[in-house]
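The structure appears below as structure tokens.
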Amino acid sequence: SYFKLKNRVYEINKETARFFHNYLFTAGGKWALDYLLGRGLDVKTIKHFGLGCAPDTWSSLLDHLKSKGFNFYEMEQANVVTKGKNNNYYDRFRNRVMFPIIEINGKVVGFSGRRHPNEERGGKYVNTSDTPVYKKSKTLFGFNFAKGHCSNQLLIVEGNMDVVSLHQAGFENTIGTLGTAFTSEQARLIARYTNEVVLSFDSDAAGQKAATRAMEVLAGSGIKVKVLSVPDGKDPDEFIKKNGKERFEAVLEGAVNEIEYKLFKASNGIDMNTNDGRTRYLNLAAEALSGVADPIAVDLYAGRLSEQHGVSKQVLLR
């Protein structure tokens with residue numbers, strides 16, 4: 001039955017997570033352990049998140065799971081093995097640093113594998129596809145730990161590595177999006193645990209697009225949203241290593257709301273020292289404000305723009 005299959009997949013995931021975690025502390029997994037320690041993680045954090053390493057072989061995990069009584073169909077359903085051309089099966093994750101993806105209820109539902117730092121081939125991350133127990137549109141990395149620490153504020157970042165580093169630095173209210181576009185299902189889940197979200201996405205175009213999308217989705221579920229702009233375009237992990245957690249706390253305090261973020265984006269690449277530039281910016285700013293539902297906020301920001309740029313507030317509001 002489907003119910004029985006789901007249970008088998010959960011068991012395979014648990015066994016697989018244990019297998020990768022144990023392998024991390026062997027000679028074969030030393031490169032991955034060195035990588036994680038080199039990124040500033042300590043062994044306590046590595047164990048807390050159950051991080052691991054996938055061997056550089058075609059069937060180590062498969063043989064291990066077979067010895068535990070699981071069959072190929074079940075392994076394939078769990079998406080830990082893949083069926084090849086001649087109906088032969090092989091391990092899906094090979095030579096990767098492994099991050100188990102854990103549901104909010106504490107069960108392992110999937111994996112995210114980061115390629116070997118010297119490896120050029122294959123995607124940087126390989127993630128479990130949807131399975132009977134895993135729906136990536138509903139899952140968030142690290143939420144099983146963050147759920148007890150986020151009633152005031154939840155920090156959402158892009159990379160798994162960022163989540164783990166931030167938890168170690170004491171920001172246990174951090175979760176990650178597992179490299180997918182933000183969904184309304186994730187927003188509904190988040191709304192049950194917090195009333196304010198701070199987004200910290202990459203400063204490149206893709207990251208900014210993802211932030212804008214997440215903002216729109218979250219705004220629909222009535223959560224207060226802010227956007228974090230980490231100085232020098234660094235990710236939070238790098239920033240904390242360089243400047244310490246107190247400085248990062250200050251950056252968090254200064255996270256801007258949705259309107260400020262839109263106004264900041266409107267000014268991108270515009271020279272404010274020319275009349276032409278200022279006109280262009282004010283038109284874009286007015287357009288950004290026109291999409292804001294809160295009339296008090298609109299009035300406030302129109303007033304601020306009017307003072308900064310010497311143009312009448314009435315003109316802007318109109």
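Here, residue 1 is the first one in the sequence, and each next residue gets the next number. For the numbers below, each heavy atom of this structure counts, side chains included, while hydrogens, waters and symmetry mates do not.
Taking 4.5 Å as the limit, every side-chain heavy atom of S221 sits out of range of all side-chain heavy atoms of I190. The shortest distance between side-chain heavy atoms of R92 and F111 does not fall below 4.5 Å. Contact check for M98 versus L51: no side-chain heavy atoms found under the 4.5 Å cut-off. Annotation: side chain of S137 is not in contact with side chain of Q186 (no heavy-atom distance under 4.5 Å). Between Q308 and R304, some side-chain heavy-atom pair lies under the 4.5 Å cut-off. Taking the side chain as every heavy atom from C-beta outward, L166 and I240 approach each other to under 4.5 Å. Considering only heavy atoms from C-beta on, F72 comes within 4.5 Å of L62 through its side chain. Annotation: side chain of V198 is in contact with side chain of L252 (closest heavy-atom distance under 4.5 Å).
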Original post:
side chain to side chain contact (heavy atoms under 4.5 Å, CB included) between L5 and Y73: does it pass, once the steps are laid out?
Top reply: CA-CA 10 Å; L5 178 67; Y73 174 72; 4.0 Å; yes
Original post:
Taking it one step at a time, do E11 and R8 satisfy salt bridge (Lys or Arg N to Asp or Glu O under 4.0 Å)?
Top reply: CA-CA 5 Å; E11 282 171 29; R8 291 295 275 175; 3.7 Å; yes
**OP:** Mind running ring-ring contact (aromatic ring centres under 6.0 Å, His included) on H309 and Y281 for me, showing each step along the way?
**Re:** CA-CA 10 Å; H309 301 283; Y281 168 67; 5.5 Å; yes
Subject >> CA sep, side-chain torsions, deciding dist, call: N152, T194, side chain to side chain contact (heavy atoms under 4.5 Å, CB included) >> reply: CA-CA 6 Å; N152 295 333; T194 192; over 6 Å; no
Original post:
So T212 and K262, side chain to side chain contact (heavy atoms under 4.5 Å, CB included) or not? Walk me through it.
Top reply: CA-CA 9 Å; T212 306; K262 282 181 173 164; over 6 Å; no
**OP:** Could you walk me through whether V197 and Q153 pass side chain to side chain contact (heavy atoms under 4.5 Å, CB included), step by step?
**Re:** CA-CA 6 Å; V197 162; Q153 190 183 70; over 6 Å; no
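Under the 4.5 Å side-chain heavy-atom criterion for ILVMFWY residues, a single connected hydrophobic cluster contains both L36 and V163. Under the 4.5 Å side-chain heavy-atom criterion for ILVMFWY residues, a single connected hydrophobic cluster contains both V311 and I259. Taken together through direct or relayed side-chain contacts under 4.5 Å among Ile, Leu, Val, Met, Phe, Trp and Tyr, V9 and I102 form parts of separate hydrophobic clusters. Residues V108 and V81 are members of one and the same hydrophobic cluster, defined by side-chain heavy-atom contacts under 4.5 angstrom among Ile, Leu, Val, Met, Phe, Trp and Tyr. Cluster membership check: M161 shares its hydrophobic cluster with V43, using side-chain heavy-atom separations under 4.5 Å among Ile, Leu, Val, Met, Phe, Trp and Tyr.
Applying the ring pair (Phe, Tyr, Trp, His ring centres under 6.0 Å) test to F264 and every residue at least two apart in sequence or in another chain returns nothing. Under the salt bridge (Lys or Arg N to Asp or Glu O under 4.0 Å) criterion, R121 pairs with E119, sequence neighbours left out. Listed by chain and number, the residues in a side-chain hydrogen bond (donor to acceptor under 3.5 Å, both in side chains) with N195 amount to none (sequence neighbours excluded). With sequence neighbours left out, K241 forms a salt bridge (Lys or Arg N to Asp or Glu O under 4.0 Å) with D237. The salt bridge (Lys or Arg N to Asp or Glu O under 4.0 Å) check on E15 picks up R18, with sequence neighbours excluded. In this view, Y90 and W58 satisfy the ring pair (Phe, Tyr, Trp, His ring centres under 6.0 Å) rule, not counting sequence neighbours. Take R280 and apply the side-chain hydrogen bond (donor to acceptor under 3.5 Å, both in side chains) test, not counting sequence neighbours, and it matches no residue. Residues passing the salt bridge (Lys or Arg N to Asp or Glu O under 4.0 Å) test with D56, sequence neighbours excluded: none. Every side-chain hydrogen bond (donor to acceptor under 3.5 Å, both in side chains) that N257 has, sequence neighbours left out, goes to Y301. With sequence neighbours left out, N127 forms a side-chain hydrogen bond (donor to acceptor under 3.5 Å, both in side chains) with S112.
Atom CD of E185 has more than 12 neighbouring heavy atoms from other residues, nucleotides or ligands inside a 6.0 Å radius. Few gaps surround NZ on K135; more than 12 heavy atoms of other groups in view lie less than 6.0 Å from it. By the neighbour-count criterion of 12 heavy atoms within 6.0 Å, atom NZ of K265 is densely surrounded, having more than that number from other residues, nucleotides or ligands.
Note on ring orientation: taking the six-membered ring where Trp is involved, the planes of H167 and F49 are perpendicular (angle over 60°, cut-offs 30° and 60°). Between F20 and F93, the two ring planes are perpendicular [angle over 60°; tilted spans 30° to 60°].
Minimum heavy-atom separation, A266 to L284: O-CD1, 3.6 Å. In terms of heavy-atom proximity, L263 sits nearest to A285 at CD2-CB, 3.6 Å. Considering every non-hydrogen atom in both P117 and Y35, the closest pair reads CG-CD1, 3.8 Å. What you find for A211 and L199 is that their closest heavy atoms are O-CD1, 3.7 Å. Minimum heavy-atom separation, S165 to L41: OG-CD2, 3.8 Å. Shortest non-hydrogen contact noted between S60 and D91 is N-OD2, 3.1 Å.
Among F19, F25, Y23, the one residue that satisfies the ring-ring contact (aromatic ring centres under 6.0 Å, His included) test with H21 is F25.
Residue pairs satisfying the ring pair (Phe, Tyr, Trp, His ring centres under 6.0 Å) criterion with at least one member in residues 176-209, sequence neighbours excluded, are listed as follows: F143-Y193.
Note on R213 versus E216: no salt bridge recorded, every NZ/NE/NH1/NH2 to OD/OE distance being 4.0 Å or above. Electrostatic pairing of D299 and K313 counts as a salt bridge here, judged by a charged N lying under 4.0 Å from a carboxylate O.
The NZ atom of K138 lies 9.5 Å from the CG atom of D130; values are rounded to the nearest 0.5 Å.
Grouping Ile, Leu, Val, Met, Phe, Trp and Tyr by side-chain contacts under 4.5 Å, direct or through others, leaves I296 on its own.
The six-membered or imidazole ring of H48 lies near that of F145, with a centre-to-centre distance under 6.0 Å.
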